[in-house]
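Starting from 1, each residue takes its place in the sequence as its number. Scope of the values below: all heavy atoms of this structure, side chains included, with no hydrogens, waters or symmetry mates.
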Amino acid sequence: MPPAAAGMADGVHLLGFSDEILLHILVHVPSTDLILNVRRTCRKLAALCLDKSLVHTVLLQKDYQASEDKVRQLVKEVGHEIQQLSMAGCYWLPGSAVEHVARCRSLVKVNLSGCHLTSLRLSKMLSALQQLRSLAIDVSPGFDASHLSSECKATLSRVRELKQTLFTPSYGVVPCCTSLEKLLLYFEILDRTREGAILSGQLMVGQSNVPHYQNLRIFYARLAPGYINQEVVRLYLAVLSDRTPENLHAFLISVPGSFAESGATKNLLDSMARNVALDALQLPRSWLNGSSLLQHLKFNNPFYFSFSRCTLSGGHLVQQVLQGGKDLHSLASLNLSGCTHCLSPDTLLHKAEDDIDSSILETLVVSCCNLRHLNLSVAHHHSPEGLGRHLCQLLARLSHLRSLSLPVCSVANVAPRADRAPPQPVTHAVPCGFGKKVRIGVQSCPSPFSGQAGPQPSSVFWSLLKNLPFLEHLELIGSSFFSAMPRNEPAIRNMLPPCSRAQNVGDSEVAAISQLAFLRHLTLAQLPGMLSGSGLVSIGLQCQQLQSLSLANLGMMGKVVYMPALLDMLKHCKRLKDLRLEQPYFSANAQFFQALSQCSSLQRLCLVSRRGTLQPDAVLAFMACCLHVVVCHLFTGESLATCKSLKQSLLRRI
């Protein structure tokens with residue numbers, strides 16, 4: 001009997017499930033495939049595929065099989081039912097595909113970030129969407145608000161949520177949105193045009209109208225590096241400084257590097273301190289450092305605080321942020337990244353190698369017992385001796401954590417473990433199993449295939465992760481680590497040596513991560529104590545939900561000691577979508593790409609390797625095998641001629 005017939009005979013055919021179960025299954029099918037293919041298989045699925053729970057929201061982002069023709073057919077079939085549509089990042093679709101959105105007359109929310117959109121095309125589309133309340137668009141060079149029709153402006157006047165990504169100095173559609181309650185601004189403006197001309201925010205002076213903020217509740221701005229982005233955001237903030245919205249509850253500005261205060265921003269902050277009570281706050285570090293602003297700001301039921309890279313002392317954290325240990329059960333996210341003194345006593349003599357004050361961390365844990373996201377990276381947080389005083393032991397009480405970022409040195413045991421020899425300088429460590437003899441006086445390690453390093457119950461890091469079984473996002477980053485290719489920070493070429501305590505964090509601590517069955521995103525950077533990488537294999541076997549993996553500067557820098565373990569790990573990562581590797585002297589050979597080819601869900605690969613090598617034939621074979629890969633960035637030491645030849649070979653295969 002055929003397998004399908006046998007399944008029906010046993011009563012376990014797919015269609016035998018209840019409608020509720022089938023709807024839970026169908027929600028994971030891409031919208032284009034659901035409507036254009038699954039719906040045509042049988043009458044029962046045809047009816048279920050049109051259920052409002054499936055067609056109410058249509059997500060096309062990262063659906064790389066969605067062509068303009070499929071979008072047109074999808075809108076024709078169910079366009080009248082769609083209320084929320086996301087085409088974010090659909091860069092492969094032509095601008096004409098956006099015009100089909102106008103047929104979705106019931107749209108309440110649409111996201112067109114990353115789509116090719118002109119002011120005329122935007123005007124035509126929005127003129128037909130009278131129910132629209134949430135909009136996300138890009139403002140590119142050539143955008144002209146004077147091209148917007150009166151019907152389009154009428155639609156914009158009813159929009160309450162706007163996400164606007166700026167690639168040119170402009171107010172975009174903000175002046176037309178007179179009912180705004182939530183404004184998200186992303187500044188991605190380059191300092192120069194393609195022709196080399198220097199841009200200036202003064203291009204915005206004289207543009208008709210100004211933003212309307214009277215109903216604003218949430219203001220968020222994220223700036224890419226560059227002076228022009230700071231110049232343009234000041235023009236947006238100048239309007240806020242004249243009249244601060246009374247209902248403002250969240251004010252967040254993310255700026256790389258320094259961002260000097262101006263008279264308008266000082267007036268804005270003073271007005272906020274007098275007139276509003278905030279629930280979320282993030283400010284440039286230069287606005288907070290040496291300022292008494294936190295003493296005057298009022299908070300209602302805060303749910304998000306970010307003080308990244310601020311000189312926030314432990315006393316200020318307890319008294320001004322935690323309000324003397326007040327119950328902040330509403331706080332869900334706290335970012336203290338780069339706050340080197342936030343867990344230390346108020347002293348100017350504090351050094352990086354000094355221990356933290358456990359009482360400060362304990363106050364934080366008790367006050368913010370419902371924290372879901374905590375970032376303590378880019379700092380040296382060394383725990384003192386004593387039972388229950390280790391950072392990992394205190395953080396284990398935060399059972400609601402879903403995202404955690406820690407410096408490597410913070411998870412090291414205070415005293416060296418009995419089962420581990422005193423750490424030797426990493427530059428001299430040579431692991432076994434790579435064809436070299438073991439030198440006397442150098443710590444040895446087993447082959448990654450002779451037995452995996454398992455989690456050690458005596459490790460405080462193992463105990464921490466045992467108490468956080470639902471953790472989904474984990475970052476373990478060396479306190480001195482800086483990426484060679486950062487996204488929103490200036491590149492730093494001078495590499496600082498890792499913290500001495502980080503030498504005690506190695507393969508067994510990495511293996512402890514395998515306890516996290518729900519882990520989806522993992523970052524490991526600057527772990528000099530890793531000798532074989534055997535813990536990676538444990539993660540690959542146990543963390544089956546892993547979707548994003550970033551590894552950087554693991555083990556000794558002169559050789560990729562964890563390569564065999566990485567190849568073994570990749571064979572088990574069936575759900576991995578994003579892989580980023582940053583390691584000097586990395587050899588992207590045929591063995592690496594063969595193992596990577598077994599990651600059947602992989603979509604994005606980024607390799608950054610100073611003096612690294614790659615095999616073009618292996619890259620071509622990998623790309624031919626992994627059809628879902630849409631981004632492949634290979635920054636190695638290969639010649640320009642080799643890279644151009646590889647690029648042409650890949651383009652010919654498209």
S31 versus D63, side-chain donor and acceptor atoms under 3.5 Å | no
Could you tell me whether the side chain of Q615 and the main chain of A590 form a donor-acceptor pair under 3.5 Å?
-> yes
E509 side-chain N/O to G506 backbone N/O, donor-acceptor pair under 3.5 Å | yes
Stepwise, does the side-chain contact (heavy atoms from CB on, under 4.5 Å) test hold for M530 with V510?
-> CA-CA 8 Å; M530 178 179 286; V510 173; 3.7 Å; yes
Note, V378 side chain near I477 side chain (heavy atom, < 4.5 Å) | no
Does NZ belonging to K647 count more than 12 external heavy atoms closer than 6.0 Å?
-> no
May I ask you to decide if A552's main-chain N or O and Q583's side chain share a donor-acceptor pair within less than 3.5 Å?
-> no
Looking only at side chains, do S483 and E582 share a donor and an acceptor under 3.5 Å apart?
-> yes
Please say whether more than 12 non-hydrogen atoms of neighbouring residues, nucleotides or ligands are located less than 6.0 Å from CD in Q61.
-> yes
Which one of S344, S479, S500, S410 satisfies the side chain to side chain donor-acceptor pair (under 3.5 Å) criterion with H380?
-> S479
Would you confirm whether S645, through its side chain, and A641, through its main-chain N or O, come within 3.5 Å as a donor-acceptor pair?
-> no
Ignoring hydrogens and angles, tell me if any N or O in the side chain of N467 forms a donor-acceptor pair with the backbone of R397 under 3.5 Å.
-> no
Could you go through the side-chain contact (heavy atoms from CB on, under 4.5 Å) check for L404 and L398 one step at a time?
-> CA-CA 10 Å; L404 179 62; L398 299 174; over 6 Å; no
How many angstroms lie between atom CD of Q594 and atom CG of L596, to the nearest 0.5 angstrom?
-> 11.0 Å
Point-to-point distance, once rounded to the nearest 0.5 Å, from CG of L579 to OG of S550 = 8.0 Å
Would a distance-only check, ignoring hydrogens and angles, find a side-chain to backbone donor-acceptor pair under 3.5 Å from E475 to S405?
-> no
Shortest non-hydrogen contact between Y562 and G533, atoms and distance = CB-CA, 3.9 Å
Is the backbone of K574 close enough, under 3.5 Å, to the side chain of S601 for a donor and an acceptor to pair up by distance?
-> yes
Tell me, with the steps shown, if H381 and L336 meet side-chain contact (heavy atoms from CB on, under 4.5 Å).
-> CA-CA 12 Å; H381 294 316; L336 297 173; over 6 Å; no
Any side-chain heavy-atom pair of V561 and L531 under 4.5 Å | no
Between S377 and N375 the two heavy atoms that sit nearest each other are OG-OD1, 2.7 Å
Minimal non-hydrogen separation, P469 against F518, with atom names | O-CD1, 3.5 Å
Kindly indicate whether a cation-pi arrangement holds for K163 with Y186, taking the cut-offs as under 6.0 Å to the six-membered ring centre and within 45° of the axis.
-> yes
Just do the side-chain contact (heavy atoms from CB on, under 4.5 Å) check on L634 and L605 with the steps written out, would you?
-> CA-CA 8 Å; L634 303 175; L605 169 65; 4.3 Å; yes
Pairwise distance NE2(H572) to CG(L541) - rounded to 0.5 angstrom = 4.0 Å
Do D507 side-chain atoms and S532 backbone N/O form a donor-acceptor pair below 3.5 Å?
-> yes
Atom of L524, atom of L554 and distance for their closest heavy-atom approach | O-CD2, 3.8 Å
Over all heavy atoms of both residues, which pair between L567 and Q591 is shortest? Give the atoms and the distance, please.
-> CD2-O, 4.0 Å
Heavy-atom side-chain contact between L468 and L474 under 4.5 Å = no
Hey, what do you get for CZ (F470) to CG (L516), rounding to the nearest 0.5 Å?
-> 11.0 Å
Where does the angle between the aromatic ring planes of F586 and F592 fall among parallel (under 30°), tilted (30 to 60°) and perpendicular (over 60°)?
-> perpendicular
Heavy-atom side-chain proximity of P498 to S480 below 4.5 angstrom | no
Enter the distance from C632:SG to F622:CZ here, rounded to the nearest 0.5 Å.
-> 6.0 Å
Are V630 and W92 side-chain neighbours, meaning at least one heavy-atom pair lies under 4.5 Å?
-> no
Work out which heavy atom in Q393 is nearest to a heavy atom in L387; give both atom names and the distance.
-> OE1-C, 4.3 Å
Here the gap from C573 atom SG to Q545 atom CD, rounded to the nearest 0.5 Å, amounts to 12.0 Å
Identify whether the distance between the nearest side-chain nitrogen and carboxylate oxygen of D355 and R501 falls below 4.0 Å.
-> yes
Student check: side-chain heavy atoms of E638 and T613 closer than 4.5 Å | yes
Heavy-atom side-chain contact between R520 and R402 under 4.5 Å = no
Is the count of non-hydrogen atoms from other residues, nucleotides or ligands lying under 6.0 Å from Q547 atom CD greater than 12?
-> yes
Do L406 and L464 come within less than 4.5 Å of each other through their side chains, counting heavy atoms only?
-> yes
Mark yes or no for whether R389, through its side chain, and S383, through its backbone, hold a donor-acceptor pair below 3.5 Å.
-> no
Is a side-chain donor or acceptor of Q515 paired with a backbone partner of A512 at a separation under 3.5 angstrom?
-> yes
